[in-house]
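Please read the structure below before turning to the comments.
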Protein chains: 2
Amino acid sequence: MTTEHIIPRRRGRPPKRPEQSLQTRELLLRAGLEVLTEKGFSATGIDEILKRVGVPKGSFYHYFDSKEAFGAALIERYALYFAAKLDRHFGDLSKPALERLKSFVEDAGHGMARHDFRRGCLIGNLGQEMGSLPESFRAQLAAVFGDWQRRVADCLEAARSAGEVSAAVDCERSAAYFWIGWEGAVLRAKLERAPEPLEIFADGFFAGLRTG
Amino acid sequence: MTTEHIIPRRRGRPPKRPEQSLQTRELLLRAGLEVLTEKGFSATGIDEILKRVGVPKGSFYHYFDSKEAFGAALIERYALYFAAKLDRHFGDLSKPALERLKSFVEDAGHGMARHDFRRGCLIGNLGQEMGSLPESFRAQLAAVFGDWQRRVADCLEAARSAGEVSAAVDCERSAAYFWIGWEGAVLRAKLERAPEPLEIFADGFFAGLRTG
DNA sequence: TGTTTAACGAGACGAACGGTCTAATATGCG
DNA sequence: CGCATATTAGACCGTTCGTCTCGTTAAACA
């Protein structure tokens, strides 16, 4: 069901093939993303991730100083992965700016559907959990939202210049609004295991842009 | 800092004063709400709640069959508490319907501010955690949202009848939209420990109602 | 080619957790 | 008085958490 590379693992110092040497770390990160987007940080034990990829505990603490450090690495990776996704959509100048944003929304919806609405957004998940998370995560998570917001704001700005949305739209504020609501929609879609919350939010959001 | 009733607890069967006899259970529920709105279900241990109110474990398992049953009781109580809050605002016929909704939003914002934006919405918190929660919670949580949505939809309907919002507004859908986004705003306000997300969402939502 | 050192795998370890259980204590009731 | 009932008290068990120490293997250097 998941990334089940049961490549027989050798002990001792590995041969000098950099691609191979990063494999274990890579596997841990990938599995971590899968599990954490589904269950969050606190509810997930290291062992679960370990078992999933067939790596013993000792390896984990070789690659990461602690569960906290692992979490930070996951946030970083997820943020990057997502920023790339945004760029891919927003950079597609073959369509109008507003369409670019819509295509991201659609893509994200398909992504959730592909996992049966069981997985949400890592950043949203961890944000919700901040009450019990290392305080160092707070700034990191907020920064990620800031980054994503920037990108959406730019896209909206382009749409406004092109007259695709009302000139009265405050792009920065609308971008903030977008992520606030989108995360709510993802959360709700996960709860109901259904796409409707995403659709309802997207419809409402885009309708609002017509009038500012 | 919290409900620190350190009422000296007597062992043995208590005297027949029903108000007193429910006290321990009551204290557990109250403390549970405080902690779970802040940290969620998985991250919270029974012991933490117990210590907070100075109740030994034996009592806990006397009043609740399990942590799961305790969670279910908390959801029920929170849903009731919140429904009452909604009714209080929406039932205040001295102001226009839209104002009633706005006053709820304002009240909720003050509520979060009072706890320094450390506590969120229990239902939202648990919703996010569904990935690791007993499956029995899912229907219960969804039903709560359904109930709240109903109430908001009714309020919106009243506003529409009074011409306070565009006749084009789909009240049911807008109510769904409201809760989707509002939960996102609460989550974000908790993350940033600031009221802006609530304001941004509320502004955008109410603006959208003008045009439907 | 032999010794040292870096890189990694393996699993033992103590603390904490959820949950159960028995005992202790006090009241209600016949 | 004595038995049933309600509640507190906390020892206890199996699990799981995150950390740590050590063994094993290859690279590095001479």
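Computation of the quantities below employed the complete heavy-atom set of this structure, encompassing side-chain atoms and omitting hydrogens, waters and symmetry-equivalent molecules. Residue numbers start from 1 in every chain, and the chains themselves are labelled A, B, ... in the order their sequence lines are given, proteins ahead of strands.
Between the P atom of dG19(C) and the CD1 atom of I49(B) lies a distance of 11 Å, rounded to the nearest Å. Atoms CZ (F64(B)) and P (dT20(C)) sit 15 Å apart, rounded to a whole Å. For D47(A) and dA10(C), the CG to P distance is 15 Å, given to the nearest whole Å. Atom pair L50(B):CG and dA9(D):P shows a separation of 11 Å (rounding to whole Å applied). In this structure, the CG atom of L27(A) is 11 Å from the P atom of dG9(C), given to the nearest Å. F60(A) places its CZ atom 17 Å from the P atom of dA10(C), with the value rounded to the nearest Å. The distance from atom CD of E68(A) to atom C1' of dC17(D) is 16 Å, rounded to the nearest whole Å. To the nearest angstrom, P of dA9(D) lies 15 Å from NZ of K51(B).
The aromatic ring centres of F60(B) and F70(B) sit less than 6.0 Å apart. Aromatic pair F137(A)/F41(A): centroids less than 6.0 angstrom apart.
Contact annotation: Y61(B) does not reach the phosphate of dT20(C) (side-chain N/O to OP1 or OP2, under 4.0 Å). For the OP1/OP2 pair of dC8(C) and a distance below 4.0 Å, the side-chain nitrogens and oxygens of H62(A) include at least one atom meeting the criterion. For dG18(C), one of the phosphate oxygens OP1 or OP2 lies less than 4.0 angstrom from a side-chain nitrogen or oxygen of K67(B). At dG9(C), one or more side-chain N or O atoms of S59(A) fall inside 4.0 Å of OP1 or OP2 (strictly under the cut-off).
The aromatic rings of F90(B) and F104(B) sit perpendicular, their planes meeting at an angle over 60°, well past the 30° parallel limit.
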Can you list, pair by pair, the side-chain donor-acceptor contacts under 3.5 Å of residues 78-86 of chain A, counting residues two or more places apart and other chains?
residue: K85(A); atom: NZ; partner: D107(A); partner atom: OD2; Å: 3.3

Could you give the side-chain donor-acceptor pairs of residues 139-147 of chain B under 3.5 Å, partners two or more places apart or in another chain?
residue: Q140(B); atom: NE2; partner: A72(B); partner atom: O; Å: 3.1
residue: D147(B); atom: OD1; partner: R151(B); partner atom: NE; Å: 3.3
residue: D147(B); atom: OD1; partner: R151(B); partner atom: NH2; Å: 3.3
residue: D147(B); atom: OD2; partner: R151(B); partner atom: NE; Å: 3.2
residue: D147(B); atom: OD2; partner: R151(B); partner atom: NH2; Å: 3.4

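Evaluation of atom-type donor-acceptor distances gives a pair under 3.5 Å for the side chain of K57(B) against the base of dG18(C).
In the set dG9(C), dC20(D), dT20(C), dG9(C) carries the atom at the smallest distance from any side-chain atom of P56(A). In this structure, the nucleotide among dG18(D), dC17(D), dG9(C) sitting nearest to the side chain of T24(A) is dG9(C).
S42(B) comes within contact range of no nucleotide atom at all, as no heavy-atom separation falls under 4.0 Å. Residue G45(A) is in sugar-phosphate contact alone, with no base atom involved, counting any heavy-atom pair closer than 4.0 Å across all strands shown.
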